Asks: 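Have a look at this one.
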Amino acid sequence: MAAPRTMLDKLWDAHEILRREDGVSLLWVDRHLVHEGSHHAFAKIAARGLKVVRPDLTFAVVDHYAPTLDRTKIADPKIARMIGTLRDNAQAHRLRLFDLQDQDQGIVHVIGPEQGLTLPGLSINCGDSHTSTHGAFGALAFGIGATEVAHVLATQTVWQRKPRTMRITVNGTLGPGVTAKDIALNWIAALGTGGAQGHAVEYAGSAVRALSMEGRMTLCNLSIEGGARLGMIAPDETTFDYLKGRAFAPGKGWEKAVTAWSALVSDEGASFDREVVFNATEIAPTVTWGTSPEQALPVTAAIPDPARLDPEKAKAADAALEYMGLQPGRPLDGTPVDQVFIGSCTNGRIEDLRAAAAVLAGHRAKVPGLVSPGSAQVKAQAEQEGLDVVFKNAGLTWASSGCSMCVGMNGDQVAAGKRCASSTNRNFRGRQGPGARTHLMSPAMVAAAALTGTITDVRRFLGERAA
Amino acid sequence: MAGWTRHKGRAVFLGLDNIDTDQLIPARFMSTPRAQGYGQFLLHDLRNDADGAPDPDFPLNRRPDASVLVSGRNFGTGSSREAAVYALVDAGFRAVIAPSFGDIFAANAVNNGLLPAQVTDEAQAELAATLGTGTADISLDLETRTVAVGNLTVAFDLDESWRTKLVNGWDDIDLTNRHVDEISAFAANRAKSEPWAFPLTSE
Ligand code: SF4
């Protein structure tokens, strides 16, 4: 009998065209997603007189620089140029472009799944680290740099050494108000931002199985913040239900596809290079206090005192607290925030907006904030459900979809010294704007922060409102 | 990209862990065409104060002639932006020495001739102690995978395939095109055995 294989083994074998003597594999790329930031790569192939070799497998989207407040005119010439360059490249290479006015536009990692471009068993690359998101469907999905993007454009392949395997199992049931975001921040805090370096992480366990596709995407999305090369979850009924009927999902061949996809599980007895187990019942709503995603704690905890940390972490904690303007020893809960942001490829999906709206419904926020749905479809769905009215009545700004305040490239920024409760994925210095102070948390937690104007345990509002 | 085997230059120490790509090059500079040079953006918001005035004490400002950076753990963590590597290369850097690197950053570095030399925590501490706040002559050898500063010689780790690539200055597209027949055969096969893997827009 053949040796038991992991899900990574199966996906890798299915895409490996050849393996060099030095152990590096040439992999076939089923889907290549490009955005405005891919301009360096298009310039590289243009310089060599090359064309995109598989325009039918390459999809372009305007997201990183997408204006979210007024799409009719783009005031900043740099932003207009970035979007214009993508349009020119999409046209020159005959690529399907999800442009600003397209009803299917959105953040690349939101629309891939939404369109059914993301499917189990596919290999998916994009010049963006959060490409790990697509692994939630049982795809081999990882981010690449511009040189590699140019390589995929020109050859539809990528050279890659197979990563080591790591399984993160989360057993048990998440408590009320605890989400996939909290599972992720919790494991990254426990293992560190280098905790999964060089590994492909497969998520397993009853708490992971119980997650919706939205939750699974959040979890896989954040894999990269723990240093992982990619994240993945074996496809199941939840996956198939989500995909059925999507624009680019198989139609006639559906049954056959589902049969093939159902085999994409790690075999009984397959061994992983590393195994880590967490208990879902022990996970609380989690918030970052520093400038690295590993600097995260349960909302019930106190801001750490660097003097009590091990010396290795103390220096970083000191610097982070200074940048964040926080006092060691004070409770995290109750820390005043200046504004909130709900959106991004981590937590900008319909379920995220529903969770935030459930907390906000019928109340006014104490601080201003921006809500940017992950895609135009999510926006339309939210409006159909009246969520936009909830946000607007709460005093928040309801915007169009794009990366927006996750990275600030489109001009949606947090001002220097301001503190933002944010549903995004990176709390790096200056990520949301020079000098901006970011606290990462789940969308429901962001909504709770909006209501009180401070970092707040969302569980206080449960029962009262959120189901 | 030209290959290289040995480099002699000046090294500077930047004693921070987790220098992420958002710090290596803040997002707002990334719409700049490469031809304008990305060196000016390297670690921009760490090197300069809020008004854009350079901090005279920042190691890279004190030592603008450095071509080798010794840094802390998890260097280049974060986004896939290759611009982070362009900023280092355009500022004259040939190597970064650190105990660990963000995976995508390291791959991007090699694709641009920049060496991500991984050393042990102990070796990094020794290099840091030797450099202090100054600079020192340093030599790097891809053949022996060693770094030498004064009397101190330490070994670094580097994936064999990356070493070959740095030494030869290979371009992947050229390499891959030698396999064009295998690629076409693979694609044809896949279309037959896994038709669902190809977008069926007509259905
Ligand atoms: S939403 Fe943020 S993390 Fe996601 S693709 Fe956009 S910039 Fe990157």
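As a basis for the values below, the full set of heavy atoms in this structure was taken, side chains included, without hydrogen atoms, waters or symmetry mates. Small disclaimer: the values here were computed from a predicted structure and weren't measured. Proteins get letters first, then strands, A, B, ... in listed order; numbering begins at 1 in each.
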Asks: Side chain, backbone, both or neither: which part of B:N189 has an atom under 4.5 Å from a heavy atom of chain A?
Replies: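 For B:N189, no heavy atom lies under 4.5 Å from chain A.
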Asks: Taking the basic N atoms (NZ, or NE/NH1/NH2) and the acidic carboxylate oxygens, is any pair closer than 4.0 Å for A:R429 and B:D45?
Replies: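 So A:R429 does not pair with B:D45 through a salt bridge.
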Asks: Quick check on B:Y86 against chain A: is it the side chain, the backbone, both or neither that has a heavy atom closer than 4.5 Å?
Replies: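 Answer is side chain: those atoms of B:Y86 sit under 4.5 Å from chain A.
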Asks: Checking heavy atoms, do the side chain of A:R426, its backbone, both or neither come under 4.5 Å from chain B?
Replies: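 Only the side chain of A:R426 comes within 4.5 Å of chain B.
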Asks: So what's closer than 4.5 Å to chain A heavy atoms on B:H44: side chain, backbone, both or neither?
Replies: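 Nothing of B:H44, per the 4.5 Å heavy-atom cut-off to chain A.
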Asks: Non-hydrogen atoms of chain B under 4.5 Å away: do they reach the side chain of A:H151, the backbone, both or neither?
Replies: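 Both parts, heavy atoms under 4.5 Å.
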Asks: Can you tell me which portion of A:E36 sits under 4.5 Å from chain B's heavy atoms? Options are side chain, backbone, both or neither.
Replies: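 Contact with chain B: none, neither part.
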Asks: Less than 4.5 Å to any heavy atom of chain B: does that hold for the side chain of A:H39, its backbone, both, or neither?
Replies: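 Side chain only.
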Asks: Evaluate side chain to side chain contact (heavy atoms under 4.5 Å, CB included) for A:V24 paired with B:K165, printing each intermediate quantity in order.
Replies: CA-CA 12 Å; A:V24 178; B:K165 201 160 155 176; over 6 Å; no
Asks: Taking side chain as everything from C-beta outward and backbone as N, CA, C, O, which of these in B:T32 sits under 4.5 Å from a heavy atom of chain A? Side chain, backbone, both or neither.
Replies: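 When you check distances to chain A, only backbone atoms of B:T32 fall under 4.5 Å.
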Asks: What residue among A:W261, A:W254, A:F248 forms ring pair (Phe, Tyr, Trp, His ring centres under 6.0 Å) with B:W196?
Replies: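 For B:W196, the ring pair (Phe, Tyr, Trp, His ring centres under 6.0 Å) check succeeds only for A:W261.
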Asks: Chain B: which of A:G121, A:G194, A:A319 shares the most heavy-atom pairs with it under 4.5 Å?
Replies: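 So the answer, after comparing A:G121, A:G194, A:A319, is A:G121.
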Asks: Against chain B, label A:A316 side chain, backbone, both or neither, depending on which of its atoms sit under 4.5 Å from a heavy atom there.
Replies: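 Neither; nothing under 4.5 Å.
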Asks: Can you tell which part of A:I224 gets under 4.5 Å to a heavy atom of chain B, answering side chain, backbone, both or neither?
Replies: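 Interface part for A:I224: side chain.
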Asks: Check A:F59 against B:P199 and note the closest heavy-atom contact, atom names and distance.
Replies: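 Nearest pair, atom of A:F59 first, then B:P199: CZ-CG, 4.1 Å.
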Asks: Could you go through A:T147 and B:N112, starting from their C-alpha distance and side-chain angles, then the distance that decides it, and tell me whether this counts as side chain to side chain contact (heavy atoms under 4.5 Å, CB included)?
Replies: CA-CA 8 Å; A:T147 302; B:N112 289 275; 3.9 Å; yes
Asks: A:W28 vs B:F186 aromatic rings, parallel, tilted or perpendicular, using cut-offs 30° and 60°?
Replies: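 Rings of A:W28 and B:F186: tilted, 30 to 60°.
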Asks: Can you say whether B:E182 sits under 4.5 Å from chain A via the side chain, the backbone, both, or neither, judging by heavy atoms?
Replies: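 Contact with chain A: backbone and side chain both.
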Asks: Check this for me, if you would: do A:R48 and B:D174 make a salt bridge, where the nitrogen-to-carboxylate-oxygen distance has to be below 4.0 angstrom?
Replies: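 Looking at A:R48 and B:D174, the cut-off is met.
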Asks: Kindly give the heavy-atom pair with the smallest separation between A:A146 and B:E82, and that separation in Å.
Replies: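 Heavy atoms only, the tightest pair is N-OE1, 2.8 Å.
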Asks: Check whether A:R161 gets within reach of chain B through its side chain, its backbone, both or neither, counting any heavy atom under 4.5 Å.
Replies: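 Just the side chain, heavy atoms under 4.5 Å.
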Asks: Need one label for A:E16: side chain, backbone, both or neither, based on atoms under 4.5 Å from any heavy atom in chain B.
Replies: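 Only the backbone of A:E16 comes within 4.5 Å of chain B.
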Asks: Can B:N18 and A:T193 be counted as having a side-chain donor-acceptor contact under 3.5 angstrom?
Replies: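 On atom types as modelled, these side chains qualify, holding a pair under 3.5 Å.
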Asks: Donor-acceptor pair, A:K315 side chain versus B:L16 backbone, under 3.5 Å?
Replies: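 No; judged by distance alone, with no hydrogens or angles, the pair does not exist.
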Asks: For A:A154 and B:I173, which heavy atoms make the closest approach, and how far apart are they?
Replies: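 For A:A154 and B:I173, the tightest heavy-atom pair comes out as CB-CD1, 4.0 Å.
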Asks: Closer than 4.0 angstrom, basic N to acidic O: yes or no for B:R190 and A:D30?
Replies: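 A salt bridge is present here (some side-chain N lies under 4.0 Å from a carboxylate O).
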Asks: Hey, are the side chains of B:M30 and A:M409 touching, using non-hydrogen atoms and a 4.5 Å cut-off?
Replies: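 Yes, their side chains come closer than 4.5 Å.
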